[in-house]
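Structure record follows, encoded as structure tokens.
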2 protein chains.
Amino acid sequence: MLKISELAAKTGLSAHTIRFYEKHDLIRASERSEAGYRYYNDSDIRRAEFVKTARNIGFSLEDISQLLSIRVDKTSHSCQEVTDITQHKLDEVNEKLSELESMQNTLQILLKSCCGGPEKATHCSIIEALDAGAVVKNRSAA
Amino acid sequence: MLKISELAAKTGLSAHTIRFYEKHDLIRASERSEAGYRYYNDSDIRRAEFVKTARNIGFSLEDISQLLSIRVDKTSHSCQEVTDITQHKLDEVNEKLSELESMQNTLQILLKSCCGGPEKATHCSIIEALDAGAVVKNRSAA
DNA sequence: TATAAGCTTAGAGCTGACTCTAAGGTCAAC
DNA sequence: GTTGACCTTAGAGTCAGCTCTAAGCTTATA
Ligand SMILES: [Zn+2]
Ligand SMILES: [Zn+2]
Ligand SMILES: [Zn+2]
Ligand SMILES: [Zn+2]
């Protein structure tokens with residue numbers, strides 16, 4: 001049985017965050033001391049670590065909530081439900097990756113074009129490019 | 001001279017967003033009608049388009065604010081200041097890219113491991129992996 | 001027994017970039 | 001001369017995921 005600060009130490013989540021997750025029904029403390037202190041048993045701890053792992057991977061709290069309800073009643077859920085959540089997350093990640101790669105590309109091109117020196121910015125090609133509407137929407141080999 | 005809705009149509013920003021940007025001193029309306037309507041002259045329009053371009057590239061409003069103050073007084077600023085902002089943004093982008101690539105990798109591995117079928121999730125290897133603390137922190141060839 | 005560290009709660013505050021609302025004034029067209 | 005589209009403002013609300021505060025108990029240590 002761990003107290004909240006011990007669970008915090010074990011998971012790397014802050015006590016604040018653990019309480020916040022409890023509000024959202026992600027983490028549970030099966031027991032309370034007479035004074036109201038939270039106590040986490042092995043099952044609670046495993047659940048908290050599941051949450052931590054899922055969060056580290058990048059799942060949203062809403063995703064984690066769904067994954068948890070599958071986890072606690074596996075026979076009522078299918079592998080497909082799990083892959084749906086995972087695939088949807090992967091799609092999101094891929095979309096953000098595209099955006100970021102495009103930004104990366106544009107920024108690299110801008111940086112290459114500018115001397116970067118201590119000269120006055122009157123001739124700065126980055127400023128010029130922005131003025132000219134330089135949206136390099138290029139998506140080639142990253 | 002454009003009215004706000006015309007500038008909105010021209011830039012693709014909403015009138016709300018234009019007013020919001022004005023609050024943050026990114027976009028300006030040099031003139032107002034007697035009734036208080038905003039009117040944008042050519043210089044205002046060019047500034048708005050600069051803002052739009054910079055935003056599309058991914059610069060934060062704070063970055064854009066700095067880029068604008070360079071733009072309006074180029075002789076008081078150097079190319080280096082411009083590259084500093086740009087490089088800093090690129091560093092941010094690269095960091096987010098790393099995180100997302102790591103997430104992508106993990107999600108792909110998880111998806112490969114799961115049958116994705118209509119079977120009960122009792123044997124689901126994604127759930128198992130999350131339970132086992134499956135943090136694939138792998139950063140190899142994307 | 002006293003001090004400090006740790007726990008409790010409801011609820012407010014933070015970030016960034018919008019997005020919208022309410023209540024009203026203005027303007028062009030028919 | 002009225003309908004309806006457009007404009008104004010200050011300020012509130014939205015999103016996700018925390019993060020912190022205040023005020024007051026509890027527990028462990030010295
Ligand atoms: Zn230069
Ligand atoms: Zn330059
Ligand atoms: Zn399966
Ligand atoms: Zn499965």
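Quick note on labels: first sequence line is chain A, next is B, and so on, each numbered from 1.
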Assess whether side chain to side chain donor-acceptor pair (under 3.5 Å) is satisfied between B:D91 and B:Q87, documenting all intermediate values. CA-CA 6 Å; B:D91 291 346; B:Q87 183 64 55; 3.0 Å; yes

By a strict heavy-atom criterion of less than 4.0 Å, which residues belonging to residues 42-53 of chain A are in contact with DNA chain D? none

Tell me, which of residues 13-40 of chain A have any heavy atom that sits under 4.0 Å from an atom in DNA chain D?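 The answer is A:H16, A:T17, A:F20, A:Y21, A:A35, A:Y37.
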
Return yes if some donor-acceptor pair links the side-chain N/O of [X] with the main-chain N/O of [Y] below 3.5 Å, else return no.
X: B:T11; Y: B:L7; result: yes
X: B:T17; Y: B:L13; result: no
X: B:D44; Y: B:S30; result: yes
X: B:E81; Y: B:S78; result: yes

When you list every nucleotide of DNA chain D with an atom under 4.0 Å from a heavy atom of chain A, which one comes first 5' to 3', and which comes last?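 Footprint of chain A along DNA chain D, 5' to 3': D:dG17 to D:dT27.
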
Could you check whether B:T53 and B:N56, counting side-chain N and O atoms only, form a donor-acceptor pair closer than 3.5 Å?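 No pair is found: no donor N or O on one side chain lies under 3.5 Å from an acceptor on the other.
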
Assign each of B:S60 and B:K3 the nucleotide of DNA chain C bearing its closest heavy atom; nearer the 5' end lies the nucleotide of B:S60

Determine, for B:D131 against A:R46, whether the closest basic-nitrogen to carboxylate-oxygen distance falls under 4.0 angstrom.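 Here B:D131 does not pair with A:R46 in a salt bridge, since their nearest N and O are not under 4.0 Å apart.
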
Any salt bridge linking B:E49 with B:K52? Criterion: basic side-chain nitrogen under 4.0 Å from a carboxylate oxygen.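 No, this pair does not count.
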
Could you state the atom-to-atom distance from CG of B:L61 to C1' of C:dT15 in whole Å? 12 Å

Determine, step by step, whether A:E22 and A:R32 satisfy the salt bridge (Lys or Arg N to Asp or Glu O under 4.0 Å) criterion, reporting the C-alpha distance in whole Å, the side-chain angles of both residues, the deciding distance to 0.1 Å, and the verdict. CA-CA 13 Å; A:E22 184 182 288; A:R32 293 279 189 136; 3.4 Å; yes

A:Y39 and A:Y21: same hydrophobic cluster, using ILVMFWY side-chain contacts below 4.5 Å?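 No.
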
